[in-house]
2 protein chains.
Amino acid sequence: MRYFVAVAEELHFGRAAQRLGIAQPPLSRAIGQLERRLGATLLARGNRVVTLTEAGAVLLREARAALAAVEAAERRTRRAALAPAGQAGVVLATKAGASGELLAKLLDAYAAEPDAVTVDLLLCGVGEQGPMLRDGRADVALLHLPFDTTAGLDTEELRTEGQVAILPAGHPLTDRPRLRTADVTGLPDLPMPRWPGPDGTYPAGPGPEARDHTQLLQLIALGRACWIAPESCRSQLREGLAAVPVDDAPTVTTVIAWPPHSRSRGVAGLVRTAVRVCS
Amino acid sequence: MRYFVAVAEELHFGRAAQRLGIAQPPLSRAIGQLERRLGATLLARGNRVVTLTEAGAVLLREARAALAAVEAAERRTRRAALAPAGQAGVVLATKAGASGELLAKLLDAYAAEPDAVTVDLLLCGVGEQGPMLRDGRADVALLHLPFDTTAGLDTEELRTEGQVAILPAGHPLTDRPRLRTADVTGLPDLPMPRWPGPDGTYPAGPGPEARDHTQLLQLIALGRACWIAPESCRSQLREGLAAVPVDDAPTVTTVIAWPPHSRSRGVAGLVRTAVRVCS
DNA sequence: GGCGGCGATACCGCACGGGTATCGGCCCAG
DNA sequence: CTGGGCCGATACCCGTGCGGTATCGCCGCC
């Protein structure tokens, strides 16, 4: 299956073999055997070009999930093994720079619990928490709807908040008590910065490139950009920045999420504490 | 991993090997290798008794999920392969005897859709739909909260209804306009029937044994039992039965559920139709 | 028409999975 | 206290299968 996923992603037997660290002929054979075993043509070998068939597309999705599941099994078992005894820690994944005080409150409150286990933090980029949970690199995560997807995860809602526009202090818009999205997105002098996608490249368009929150805030303070963010980030604003509520921006819901079948004692305690802290 | 799950379930190498159709020594070795690869002791070989370690318990849960995922991958790919072209059907799992008219309405409405694909029905027992979805025997299912668990599934709510007590016609309680749970569960002359568990055995206790809804209704009509069921089952009541609303019984929510990563065109259409039909 | 890219096929060797035989520890019966 | 039986581990052997190299067949392109 790993082999098939590699070929399906590369759409090229030679490159896929290289990526897998094996030679091309065994790979061809392996795919052939898989196709015979499943009774399905997975790849259409056109002239000099390989395409996914419908069955192949189905298998690609399913195989990715399956591979993530076995990776998760290995990782979680390894972690459970090296824990002392009855004290397997949990790994909490969260976006770097988001939910700062909520996270702090949660960790403090949880550490005070009588049966608390150690909590390791795993800071990751936007939208990476889902995969982290699915392949076992993390056990529980803080997500932010509607930006993250909770498909396939169990969740508890923690907090709902509006969004604010982050502007350079002194900008004309900061005099207004509230704004609308259109007021902010259409500013020629303050474009929204561009973020690198999952592949590390920046989308085309106007606006400066920013790689993390620090850079972003710096750009705003310099009067080169603006941004819309959950209102809880107000507590982290440095000098030179102002925040104005944006009425029609989607509300952001912070949820705590975990993979459905792995509700260990540590995860359960953390979830319970999170719900209690936020209610 | 299959090997490990077998041993973990049997807690006995010999029996596990027999179940797997291999000899015991290779099995011992395989488990040993797995333990070395993961760097974890999975099974505590006590004197004449094998126990799961904590790490083993973790792996058991994770491995079950992983195995279900690869089974699902194989099954779904096979099904996708033998479909004509762009017309992969979907398998809809539902409890036998539940949601009858809703199901009929849904299938009718969906069949009338322009891009409908064939829908195969898979009737299964209580609580089996989740596993069916997870290991690929089904693509979409109708579940009933709070009886079924939706952990790890994407869902859309379809309908919420109260519950009614099903009593033999003419029973004194049928004169009351509404009941409370305690009124029904404590009746010495009309005990609740016992259902076989997932393993096929009946729990101990009073009450007759019933294997399906037909038997159940028959028992009630004969004045030997009573039952509490969603009110939509009223339409299926045969003569000799009466239904009285039970106020404090938990409301039953019918949801349509599907595995999160496999939202194919067919599943999406079915879900859309279901939501439309029920709103 | 020759060349080059790419997947399939042919063939070989080794490593790993599975089998049988046997050991070692433990409980229990006598 | 000792022998037998149960059960998992170990030792050793064998065949299958996976991975490697060499080569073919096909097609597009210069």
Side-chain angles (χ1 to χ4, degrees), chain A residues 1-60 63 66-67 70-71 73-74 77-78 81, chain B residues 1-60 63 66-67 70-71 73-74 77-78 81:
Chain A
M1 278 206 178
R2 265 185 32 241
Y3 289 6
F4 171 73
V5 171
V7 176
E9 283 176 357
E10 300 281 351
L11 289 178
H12 188 291
F13 279 73
R15 277 194 302 273
Q18 199 175 344
R19 203 173 97 184
L20 293 167
I22 65 171
Q24 172 260 322
L27 181 58
S28 281
R29 259 189 321 169
I31 302 294
Q33 284 172 217
L34 184 63
E35 288 183 321
R36 246 174 300 121
R37 196 161 64 89
L38 296 176
T41 306
L42 302 172
L43 297 162
R45 284 87 156 170
N47 291 333
R48 307 176 73 76
V49 61
V50 176
T51 334
L52 269 183
T53 63
E54 283 192 49
V58 170
L59 182 59
L60 179 57
L67 290 174
V70 330
E71 265 188 63
E74 296 196 4
T77 308
R78 280 209 178 84
Chain B
M1 279 206 174
R2 262 183 36 240
Y3 289 5
F4 171 75
V5 171
V7 177
E9 283 176 356
E10 299 281 350
L11 289 179
H12 189 292
F13 280 73
R15 278 195 301 274
Q18 200 175 344
R19 202 174 99 183
L20 293 167
I22 65 171
Q24 172 259 323
L27 180 58
S28 281
R29 259 189 321 172
I31 301 294
Q33 285 171 216
L34 184 63
E35 288 183 321
R36 246 174 299 122
R37 196 160 66 88
L38 296 176
T41 305
L42 302 171
L43 298 163
R45 285 85 156 171
N47 293 331
R48 307 177 70 78
V49 60
V50 176
T51 334
L52 269 184
T53 64
E54 284 191 47
V58 169
L59 183 58
L60 179 56
L67 290 174
V70 330
E71 266 187 63
E74 297 195 5
T77 308
R78 281 210 179 84

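In the text below, chain A, chain B and the rest are named by the order of the sequence lines, each starting its count at 1.
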With sequence neighbours left out, write down each residue that passes side-chain contact (heavy atoms from CB on, under 4.5 Å) with B:Ala55, or none if nothing qualifies. A:Thr77, A:Ala80, A:Ala81, B:Ala40, B:Leu42, B:Thr53
Residue set satisfying salt bridge (charged side-chain N to carboxylate O under 4.0 Å, His left out) with A:Arg2, at least two apart, ordered chain then number -> none
Bend angle of the helix from C:dG1-D:dC30 to C:dG30-D:dC1, end axes from five pairs each (to 10°): 10°
Nearest-0.5 Å distance, CD of residue A:Gln33 to CZ of residue A:Arg36: 6.0 Å
Scan residues 35-42 of chain A against DNA chain C and write down, sorted by residue number, each residue with any heavy atom closer than 4.0 Å; if none is found, say none. none
d(CD, B:Gln18; P, C:dG18) in whole Å: 17 Å
With the side chain counted from C-beta on, respond yes when B:Leu38 and A:Glu74 share a heavy-atom pair under 4.5 Å apart, and no when they do not. yes
For A:Leu27 and C:dA8, give me the distance from atom CG to atom C1', rounded to whole Å. 12 Å
Partner set under side-chain contact (heavy atoms from CB on, under 4.5 Å) for B:Glu9, not counting sequence neighbours: B:Val5, B:Arg19, B:Arg64
Footprint string (nucleotides 5-17 of chain D, 5' to 3'): B base within contact, S backbone only, - free, heavy atoms under 4.0 Å: BBSBBB-------
Show me the donor-acceptor pairs, under 3.5 Å and distance only, between side chains in residues 21-32 of chain A and residues at least two apart or in other chains.
residue	atom	partner	partner atom	Å
A:Gln24	NE2	A:Ser28	OG	3.0

What integer distance in Å separates A:Arg2:CZ from D:dG19:C1'? 13 Å
Check: A:Leu43 and A:Leu52 side chains under 4.5 Å, non-hydrogen atoms: yes
Answer yes or no: does atom CD of B:Glu10 have more than 12 heavy-atom neighbours from other residues, nucleotides or ligands under 6.0 Å? yes
By salt bridge (charged side-chain N to carboxylate O under 4.0 Å, His left out), which residues pair with A:Glu71, not counting sequence neighbours? A:Arg75
Who are the salt bridge (charged side-chain N to carboxylate O under 4.0 Å, His left out) partners of B:Glu35, not counting sequence neighbours? B:Arg45
